[in-house]
There are 2 protein chains.
Amino acid sequence: MSPTLTRRQQEIYDYLRDHLDDFPHPPTLDELCTALGLKSRGSLHKQIQALIDAGLVEPMNNQRRGIRLAEQSAAPTSPHPGEDELPLYGAIAAGRPIEAISNPETIPVPPMLRTDKPCYVLEVNGDSMIDEGILDGDLVVIEQRDQARNGEIVVALVEGSDATLKRIEQQPGKTILHPANSTMSPMVFPPDQVQVQGVLVGQMRRYH
Amino acid sequence: MSPTLTRRQQEIYDYLRDHLDDFPHPPTLDELCTALGLKSRGSLHKQIQALIDAGLVEPMNNQRRGIRLAEQSAAPTSPHPGEDELPLYGAIAAGRPIEAISNPETIPVPPMLRTDKPCYVLEVNGDSMIDEGILDGDLVVIEQRDQARNGEIVVALVEGSDATLKRIEQQPGKTILHPANSTMSPMVFPPDQVQVQGVLVGQMRRYH
DNA sequence: TGGACAAGTTCTCCCTGTGTTCTATATTAT
DNA sequence: ATAATATAGAACACAGGGAGAACTTGTCCA
């Protein structure tokens with residue numbers, strides 16, 4: 001099914017996913033070129049075309065500033081309704097934003113550990129939530145959301161950094177990410193540098 | 001159908017099975033070479049080719065970064081096909097030997113969190129394993145056994161007391177139960193007073 | 001209305017990285 | 001010794017990716 005994006009296509013799609021909202025208007029190809037470090041519109045267009053063919057980007061027929069992401073047609077949750085498997089997107093804090101589609105791998109998750117909303121699974125990397133009983137190697141079930149309530153544990157993408165799992169506290173003018181590890185300190189950011197990618201709703205660990 | 005891998009082929013296959021997910025993208029042959037300590041792409045390619053012939057690796061027809069494991073067709077996982085529910089025997093440390101309870105309630109457990117042996121689920125009561133990341137209210141998957149190896153976390157029934165979850169250390173003449181909580185001390189018993197009722201193999205927690 | 005400019009599209013050319021093949025040599029097993 | 005297995009290295013082929021020119025289409029303005 002999924003035509004398996006090439007490396008560059010994945011990169012470009014990730015960039016679009018994460019930065020498309022940064023532009024006041026949808027960007028022109030030239031603007032995207034400079035943003036992506038390309039020098040040729042034509043080259044970019046070729047890549048975008050591939051993404052359109054893959055169904056990830058809305059086709060823009062000669063329109064100006066016409067680049068939009070395609071509606072994810074209820075994709076992530078229930079490609080197989082009644083199926084209790086969720087996509088495993090890889091490890092968090094592994095050094096990059098959560099990848100879009102790349103990994104077709106899924107793992108079974110009991111309904112009890114998830115919500116009715118779209119969810120996905122990540123493997124935890126590191127000890128930043130150890131005092132909350134979330135250990136290195138655990139699998140966490142994340143509900144896909146871009147907003148969180150204070151006190152929830154979220155997958156947060158910090159500008160120019162990794163995606164991490166932290167307890168969030170949003171105050172006017174600043175967002176604080178609290179690790180649950182006595183050896184680590186809370187981190188404070190301007191709100192627009194912190195992007196919530198999901199909220200923790202379940203956790204699993206195997207001992208064998 | 002066992003085309004009997006050579007030793008090196010087995011090594012390489014094991015490596016792929018265990019580390020393929022570590023790469024952000026599927027690796028190139030060159031990357032695999034350095035990872036495996038080889039200096040020649042050609043050599044590796046020959047081995048990979050053998051694995052492809054054996055049906056263990058997806059054939060990658062000239063594609064870049066095309067190394068994938070073949071789908072393991074048969075399902076060696078489910079001894080009870082379709083059955084992924086386990087009995088929920090109630091809360092541990094609730095004051096009663098496990099098997100006494102005949103509770104018909106069951107809950108779904110992903111195959112990954114259990115073993116092929118008979119298993120059941122308990123709800124954890126108390127903080128005695130908090131330093132191992134097992135919190136009050138967690139659900140634990142227990143493999144039914146009456147013996148344990150040292151260092152395993154077991155459901156232990158102590159003479160005249162509750163069933164508890166502890167790390168076990170069996171020495172000649174005494175059995176020590178280690179809680180994972182800095183405020184609690186290990187407990188030492190004569191071996192015949194400690195009855196192992198199962199071994200921890202999985203753990204689940206819900207946050208919503 | 002029509003021209004100028006901006007932006008999307010298509011094309012051709014080119015280079016690099018990477019899979020593939022082959023041959024030669026070392027290592028190990030029978 | 002002979003065969004099977006492993007490694008190195010060279011040579012090759014081609015897909016992926018980029019540059020840039022040329023063309024088309026839309027937008028704006030006089």
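Note on naming: letters A, B, ... go to the chains in the order of the sequence lines (proteins, then strands), and numbering restarts at 1 for each one. Since this is a predicted model, take the numbers as computed values, not measurements.
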(message) Need one value for A:Q49: base, sugar-phosphate or nothing, where a base atom within 4.0 Å counts as base even if backbone is also close, heavy atoms only.
(response) nothing
(message) If you go through the side-chain atoms of B:R41, does one of them form a donor-acceptor pair with the base of D:dG9 closer than 3.5 Å?
(response) no
(request) Please report, rounded to the nearest Å, how far the C1' atom of D:dT7 is from the CD atom of B:E11. (result) 14 Å
(message) Heavy atoms from C-beta onward define the side chain here; which of D:dA8, C:dT20, C:dT9 lies closest to that of A:N62?
(response) C:dT9
(request) Starting from P on D:dT27, measure out to NE2 on A:H25 and report it in whole angstrom. (result) 14 Å
(message) Quiz question: going by heavy-atom distance under 3.5 Å, is there a donor-acceptor pair between the base of D:dG18 and the side chain of A:K46?
(response) yes
(request) Provide, to the nearest angstrom, the distance between the CD atom belonging to B:Q9 and the P atom belonging to D:dT7. (result) 11 Å
(request) Establish, with yes or no, whether the OP1 or OP2 oxygen of C:dG8 is under 4.0 angstrom from a side-chain nitrogen or oxygen of A:H45. (result) no
(request) Name the residue closer to the 5' end of DNA chain D, choosing between A:Q63 and B:K39 according to the nucleotide with the nearest heavy atom. (result) B:K39
(message) Quick check: closest heavy atoms across B:R149 and B:E152, and the distance to 0.1 Å?
(response) N-OE1, 2.8 Å
(request) Take A:R7 and B:R8, find for each the nucleotide of DNA chain D with the closest heavy atom, and name the residue whose nucleotide sits nearer the 5' end. (result) B:R8
(request) Looking at every strand, decide which applies to A:L38 at a 4.0 Å heavy-atom threshold: base, sugar-phosphate, or nothing. (result) sugar-phosphate
(message) Both A:E31 and B:E31 contact DNA chain C. Which one's nearest nucleotide lies toward the 5' end?
(response) A:E31
(request) Check the distance between C:dT21's P and B:I48's CD1 and give it to me in whole angstrom. (result) 14 Å
(request) Can you spot which of B:R167, B:E132, B:E169 makes a side chain to side chain donor-acceptor pair (under 3.5 Å) with B:H178? (result) B:E169
(message) Taking CD in B:Q171 as the centre, count heavy atoms belonging to other residues, nucleotides or ligands within less than 6.0 Å. Is the count above 12?
(response) yes
(message) In whole Å, I'd like the distance from the CD1 atom of A:I67 to the P atom of C:dA6.
(response) 19 Å
(message) Under 3.5 Å, is there any donor-acceptor pair linking the side chain of A:T6 to the base of D:dG16?
(response) no
(request) For B:L29 and for A:M60, locate the closest nucleotide of DNA chain C by heavy-atom distance; then report the residue assigned to the nucleotide nearer the 5' terminus. (result) A:M60
(message) Nearest whole Å is fine: how far is D:dT7 C1' from B:I12 CD1?
(response) 11 Å
(request) May I ask you to verify whether the side chain of A:S40 and the base of D:dG20 hold a donor-acceptor pair under 3.5 Å? (result) yes
(message) Looking at the base of D:dA19, is there any donor atom on it, or on the side chain of A:S43, that sits under 3.5 Å from an acceptor on the other one?
(response) yes
(request) Provide the closest heavy-atom pair for A:C33 versus A:S40 in the form atom of the first, atom of the second, distance. (result) SG-O, 3.4 Å
(request) Round to a whole Å and report the spacing from CG of B:L36 to C1' of D:dA8. (result) 15 Å
(message) If I take atom CE from residue B:M204 and atom CD from residue B:E123, how far apart are they, to the nearest 0.5 angstrom?
(response) 10.5 Å
(message) So, under a plain 3.5 Å distance rule, would you say the side chain of A:R64 forms a donor-acceptor pair with the base of D:dG26?
(response) yes
(request) Could you state the atom-to-atom distance from CG of A:N61 to P of C:dA7 in whole Å? (result) 18 Å
(request) With sequence neighbours left out, write down each residue that passes salt bridge (Lys or Arg N to Asp or Glu O under 4.0 Å) with A:D30, or none if nothing qualifies. (result) A:R41
